[in-house]
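Below you will find the structure I want to go over with you.
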Amino acid sequence: RLPSLISMSGVNGVCKRSLNVAIWPLLSLLGWLSWPAPCSAKEIPYRVLFVAAGNQYGFDYRLLAAQSKQESAYRPNVTSRAGAQGLMQILPSTGRDISREIGIERYDLFTPWDSIRFGTYYDFKQRAYTKPLAKDYMDNLRLMLCAFNSGPHRVNQYGDCPPFKETQHYSRKIFQFWPENRGMNG
């Protein structure tokens with residue numbers, strides 16, 4: 001499991017990293033040794049995890065980070081009023097479905113890696129589901145985010161992003177955060 005291999009902490013503004021030496025060559029090949037620890041407000045928390053999930057499912061990691069910022073403000077132990085959990089705010093019932101689909105028996109939605117990979121997989125499914133309705137790539141991402149927030153059945157029902165204030169606000173905020181993340185030292 002990736003989180004057990006990498007730990008990061010900040011003390012008095014100084015970033016400390018500890019890394020399992022056995023995986024050093026693998027991370028070097030993947031280009032992850034240059035990632036900064038998330039000790040500065042200008043850096044993306046959990047960057048290495050967003051990169052890994054983004055690479056697996058074909059997403060810009062900064063879009064995933066922007067989504068997590070909107071979902072949980074990067075807080076891994078948060079639970080919404082609806083019961084969604086973790087960084088990416090996955091409902092436990094959705095987590096069970098995803099775990100069956102991707103073949104993972106043991107998981108914890110409050111663990112950053114599990115939350116990010118489950119959220120990214122769910123994004124991947126919603127992107128495929130909403131693609132026939134989309135005008136172009138960016139519209140597909142917008143519809144994907146709307147489906148993530150309100151459910152794919154709502155996007156299908158309206159043939160577009162549902163006219164719910166929360167869902168409209170959700171997708172707009174993520175698209176606002178995404179360019180901000182592009183300029184970050186993340």
Side-chain angles (χ1 to χ4, degrees), residues 38 40-47 49-51 53-54 56-102 107-184 186:
S40 163
K42 295 200 179 255
E43 296 171 347
I44 298 172
Y46 309 106
R47 177 181 179 258
L49 305 179
F50 288 118
V51 168
Q56 184 174 1
Y57 292 106
F59 287 102
D60 180 340
Y61 73 92
R62 295 165 294 199
L63 175 63
L64 301 173
Q67 187 177 7
S68 178
K69 181 178 180 179
Q70 177 62 24
E71 286 286 356
S72 67
Y74 301 123
R75 294 175 298 161
N77 295 319
V78 70
T79 300
S80 74
R81 290 185 307 264
Q85 301 174 342
L87 286 169
M88 299 295 277
Q89 290 292 282
I90 304 295
L91 289 168
S93 59
T94 303
R96 284 189 295 277
D97 292 342
I98 292 171
S99 73
R100 281 191 297 274
E101 290 173 23
I102 64 177
Y107 64 93
D108 177 358
L109 294 175
F110 293 112
T111 300
W113 175 236
D114 288 345
S115 185
I116 291 169
R117 69 179 166 166
F118 279 39
T120 305
Y121 174 78
Y122 194 67
D123 277 343
F124 177 76
K125 282 183 57 176
Q126 300 318 308
R127 184 176 60 187
Y129 182 82
T130 61
K131 188 173 183 177
L133 300 172
K135 298 176 204 100
D136 56 32
Y137 177 72
M138 292 303 287
D139 193 47
N140 189 203
L141 293 179
R142 180 184 66 84
L143 292 173
M144 171 198 79
L145 293 170
C146 292
F148 189 103
N149 180 262
S150 67
H153 62 287
R154 300 274 191 206
V155 172
N156 192 44
Q157 175 185 353
Y158 289 95
D160 198 353
C161 193
F164 310 138
K165 279 186 180 180
E166 177 189 335
T167 303
Q168 296 284 327
H169 176 76
Y170 176 82
S171 59
R172 268 196 311 273
K173 288 302 286 184
I174 293 170
F175 277 116
Q176 286 172 3
F177 294 150
W178 188 16
E180 289 176 19
N181 283 350
R182 290 180 188 170
M184 287 182 151

Do Leu87 and Glu71 have side-chain heavy atoms sitting under 4.5 Å apart? no
Would you check if Val155 and Pro162 make a side-chain contact, meaning some heavy-atom pair closer than 4.5 Å? yes
Pair listing, ring-ring contact (aromatic ring centres under 6.0 Å, His included) test, anchored in residues 131-152, at least two apart: Tyr122-Phe148
Is there side-chain contact between Asp123 and Met88, with heavy atoms separated by less than 4.5 Å? yes
Nearest atoms (heavy-atom pairs only) where Cys161 meets Leu143: N-CD2, 3.5 Å
Given side-chain contact (heavy atoms from CB on, under 4.5 Å), test His169 with Gln70 step by step and report yes or no. CA-CA 10 Å; His169 176 76; Gln70 177 62 24; 4.1 Å; yes
Using only atom types and a distance under 3.5 Å, with no angle test, would you say the side chain of Thr130 pairs donor to acceptor with the backbone of Gln126? yes
Measure across Gly54 and Thr120 and return the closest heavy-atom pair with its distance rounded to 0.1 Å. N-CG2, 4.5 Å
Let me confirm one number: the CG-CG distance from Leu141 to Leu63, rounded to the nearest 0.5 Å. 6.0 Å
Taking Ser80 for its side chain and Ala82 for its backbone only, find out whether a donor-acceptor pair lies under 3.5 Å. yes
pair Pro76-Phe110: side-chain heavy atoms closer than 4.5 Å: no
Kindly compute the distance separating NZ (Lys173) from CD (Gln168), expressed to the nearest 0.5 Å. 14.5 Å
Rounded distance [0.5 Å steps], CD in Glu166 versus SG in Cys146: 11.0 Å
What are the two closest heavy atoms between Gly86 and Ser72, and how far apart are they? O-CB, 3.6 Å
Among residues at least two apart in sequence or on other chains, which ones pass side chain to side chain contact (heavy atoms under 4.5 Å, CB included) with Arg100? Arg96, Asp97
Would you compute the distance between atom NZ of Lys135 and atom CG of Asn140 and round it to the nearest 0.5 angstrom? 11.5 Å
So does Ile44 get a backbone contact from the side chain of Tyr74, meaning a donor-acceptor N/O pair under 3.5 Å? no
Let me confirm one number: the CG-CD1 distance from Leu49 to Ile116, rounded to the nearest 0.5 Å. 4.5 Å
Relative to the ring of Phe50, is the ring of Tyr46 parallel (under 30°), tilted (30 to 60°) or perpendicular (over 60°)? perpendicular
Closest non-hydrogen atoms of Asp108 and Asp114, given as atom of the first, atom of the second and distance, are N-OD2, 2.8 Å
If you look at every heavy atom in Ser150 and Thr167, which pair is closest and at what distance? CB-OG1, 3.4 Å
Step by step, would you call Gln67 with Phe59 a side-chain contact (heavy atoms from CB on, under 4.5 Å)? CA-CA 12 Å; Gln67 187 177 7; Phe59 287 102; over 6 Å; no
Using every non-hydrogen atom in the two residues, find where Ser115 and Gln89 come nearest and quote the distance to one decimal. OG-N, 4.3 Å
Could you tell me whether Arg117 sits above the aromatic face of Tyr107, with NZ or CZ closer than 6.0 angstrom to the six-membered ring centre and within 45 degrees of the axis? no
Go through the structure and list residues passing ring-ring contact (aromatic ring centres under 6.0 Å, His included) with Phe164, not counting sequence neighbours. Tyr158
Kindly indicate, with the supporting measurements, whether the criterion side-chain contact (heavy atoms from CB on, under 4.5 Å) is fulfilled by Leu145 and Phe175. CA-CA 10 Å; Leu145 293 170; Phe175 277 116; 4.0 Å; yes
One thing to verify: whether Arg142 and Asp160 come together as a salt bridge, which I'm taking to mean a side-chain N less than 4.0 angstrom from a carboxylate O. yes
Rounded to the nearest 0.5 Å, what separation is found between the OH atom of Tyr121 and the CD1 atom of Ile98? 7.5 Å
